[in-house]
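This chain uses plain numbering: 1 for the first residue, then up along the sequence.
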Amino acid sequence: MITTGPLTGTPAPTSGRVEIGGVAAQSFPEMYSHSGIGGWLGPELKYAGYDAIIIQGKAPSHSYILIDNQTVSIKDASYLWGMGTYDCQQELKKIHGEDTRSLVIGPAGENLSRIAVLMSENANAAGQGGFGGVAGSKNLKAICIRGTGSIKIARSGELLSLRSRVTKKPSQNPAVRQGPFEFFGHTIENIPWEKYFVACSHSCDRFCMPAFKNIPRSSRPGLHSNEIGCIGNMSVGWQHSDTWEGKPVVEWPLWSVDLERGTEVIELLNQYGINQYEVLGGMVPWITMAAHEGLF
């Protein structure tokens with residue numbers, strides 16, 4: 001189930017987020033769970049004329065759902081199967097128009113990983129629950145939405161007045177900001193790439209996610225761009241942790257502060273469609289602590 005709220009698609013602050021719910025593959029035993037996702041998918045669904053999507057059963061072959069306003073169809077996704085989340089979204093935009101929004105899975109979901117996510121935009125994920133694997137089990141590669149309608153607000157002036165009361169009033173454009181990058185007590189000065197601060201979803205006024213452009217890749221040629229939010233900060237520079245089980249501060253040998261490599265870790269996790277929390281907040285600390293205790 002992919003559900004919006006009564007304010008989705010309006011200027012109400014932070015109303016652009018969507019909830020995805022169902023029997024979750026990530027939990028053991030499997031049980032009902034849900035996960036939130038940002039981006040612009042929810043408003044697009046509302047502008048197409050719908051409040052929710054309920055998906056039942058399994059397609060006989062690799063497929064994706066196309067919602068073009070009041071026309072809903074199931075399309076062949078055999079040529080999309082195997083693509084990463086970024087590549088798949090770009091391909092769907094080429095086919096159905098730049099103004100479409102998509103929710104997709106990557107190779108992790110296709111291979112039924114229990115920590116696979118559903119991705120939208122550059123860094124918005126329904127991260128918890130393993131719903132990418134659930135979609136993969138249904139042969140569902142993507143849901144592509146195009147909505148050109150609108151939502152009528154009963155008292156639009158009152159809504160905008162309420163929004164202005166809770167919205168931050170920045171002294172400068174909050175989306176463009178130079179200067180150092182600060183995280184977990186670390187500060188990186190003189191970053192050579194363009195840095196922006198972006199909102200995670202439609203109607204949000206927080207602009208809390210730093211985004212960088214034209215970062216050189218470490219493992220292969222080319223440049224990439226990425227946003228850093230939530231758990232992603234851990235990938236860009238893990239040097240120390242807090243005390244663990246009463247022992248002295250643990251050295252983290254996997255990464256020193258390295259924004260270039262860290263952003264690539266985020267890019268790869270997103271492209272494959274893997275839950276960053278499980279890797280960066282679960283697997284990496286477990287492996288590092290186990291190595292520290294001499295278990296390997």
**Prompt:** In Å, rounded to the nearest 0.5 Å, how long is the span from CZ of Arg146 to CD1 of Ile67?
**Reply:** 13.0 Å

**Request:** Test Ile231 against Glu278 for side-chain contact (heavy atoms from CB on, under 4.5 Å), laying out the working first.
**Result:** CA-CA 10 Å; Ile231 198 74; Glu278 289 298 303; over 6 Å; no

**For Ala126 against Ile37, the heavy-atom pair lying closest together** = N-CD1, 3.6 Å

**Prompt:** Between Asp76 and Ser61, is a side-chain hydrogen bond (donor to acceptor under 3.5 Å, both in side chains) present by the stated rule, with each step listed?
**Reply:** CA-CA 8 Å; Asp76 174 37; Ser61 59; 5.1 Å; no

**Complete:** To the nearest 0.5 Å, atom CZ of Arg165 lies from atom CG of Leu160 at 13.5 Å

**Message:** Regarding Arg217 and Glu267, does a basic nitrogen lie under 4.0 Å from an acidic carboxylate oxygen?
**Reply:** yes

**Item:** With Arg163 via salt bridge (Lys or Arg N to Asp or Glu O under 4.0 Å) - residues at least two apart
**Value:** none

**Item:** Over 12 non-hydrogen atoms of neighbours within 6.0 angstrom of NE2 in His96
**Value:** yes

**Asked** Hey, does Ile20 have a side-chain heavy atom less than 4.5 Å from the side chain of Met1?
**Response** no

**Prompt:** Does the salt bridge (charged side-chain N to carboxylate O under 4.0 Å, His left out) test come out yes or no for Lys141 and Glu91, once each step is laid out?
**Reply:** CA-CA 12 Å; Lys141 177 64 176 178; Glu91 187 64 24; over 6 Å; no

**Asn139 vs Pro60 side-chain heavy atoms within contact, under 4.5 Å** = no

**Asked** Does the side chain of Cys200 come within less than 4.5 Å of Arg17's, by heavy atoms?
**Response** yes

**Request:** Dump the intermediate steps for side-chain contact (heavy atoms from CB on, under 4.5 Å) on Gln276 and Ile266, then the final yes or no.
**Result:** CA-CA 8 Å; Gln276 289 184 21; Ile266 298 170; 3.4 Å; yes

**Item:** Test log, rule side-chain contact (heavy atoms from CB on, under 4.5 Å), inputs Ile151 and Thr8
**Value:** CA-CA 9 Å; Ile151 296 174; Thr8 306; over 6 Å; no

**Item:** Qualifying residues under salt bridge (Lys or Arg N to Asp or Glu O under 4.0 Å), relative to Glu98, sequence neighbours excluded
**Value:** none

**Asked** Does some side-chain heavy atom of Leu269 sit less than 4.5 Å from a side-chain heavy atom of Leu280?
**Response** yes

**Message:** Determine whether Glu227 and Asn124 satisfy the following criterion, side-chain hydrogen bond (donor to acceptor under 3.5 Å, both in side chains), listing intermediate values before the conclusion.
**Reply:** CA-CA 9 Å; Glu227 300 169 17; Asn124 291 287; 5.1 Å; no

**OG-CD1 distance between Ser102 and Ile65, expressed to the nearest 0.5 angstrom** = 11.5 Å

**Message:** So for atom CG, which belongs to Leu223, do other residues, nucleotides or ligands contribute more than 12 heavy atoms lying within a distance under 6.0 Å?
**Reply:** yes

**Asked** Shortest non-hydrogen contact from Ala123 to Met209?
**Response** CB-CE, 4.3 Å

**Hydrophobic cluster identity match, Trp40 and Tyr50, side-chain contacts under 4.5 Å** = no

**Request:** Might you confirm whether atom NZ of Lys138 has over 12 heavy atoms from other residues, nucleotides or ligands at distances under 6.0 Å?
**Result:** yes

**Message:** Let's go through Val134 and Leu140 carefully: what are the C-alpha distance in whole Å and the side-chain angles of both, what is the deciding distance for side-chain contact (heavy atoms from CB on, under 4.5 Å) to 0.1 Å, and is it a yes or a no?
**Reply:** CA-CA 9 Å; Val134 175; Leu140 179 62; over 6 Å; no

**For Met83, the rest of its hydrophobic cluster, which grows through side-chain links under 4.5 angstrom** = Tyr64, Leu66, Tyr79, Leu80, Leu92, Ile95, Val104, Val117, Met119

**Request:** Answer yes or no: does atom OH of Tyr272 have more than 12 heavy-atom neighbours from other residues, nucleotides or ligands under 6.0 Å?
**Result:** no

**Message:** For the backbone of Thr148 and the side chain of Asn69, can you confirm whether one donor and one acceptor N or O come within less than 3.5 Å of each other?
**Reply:** yes

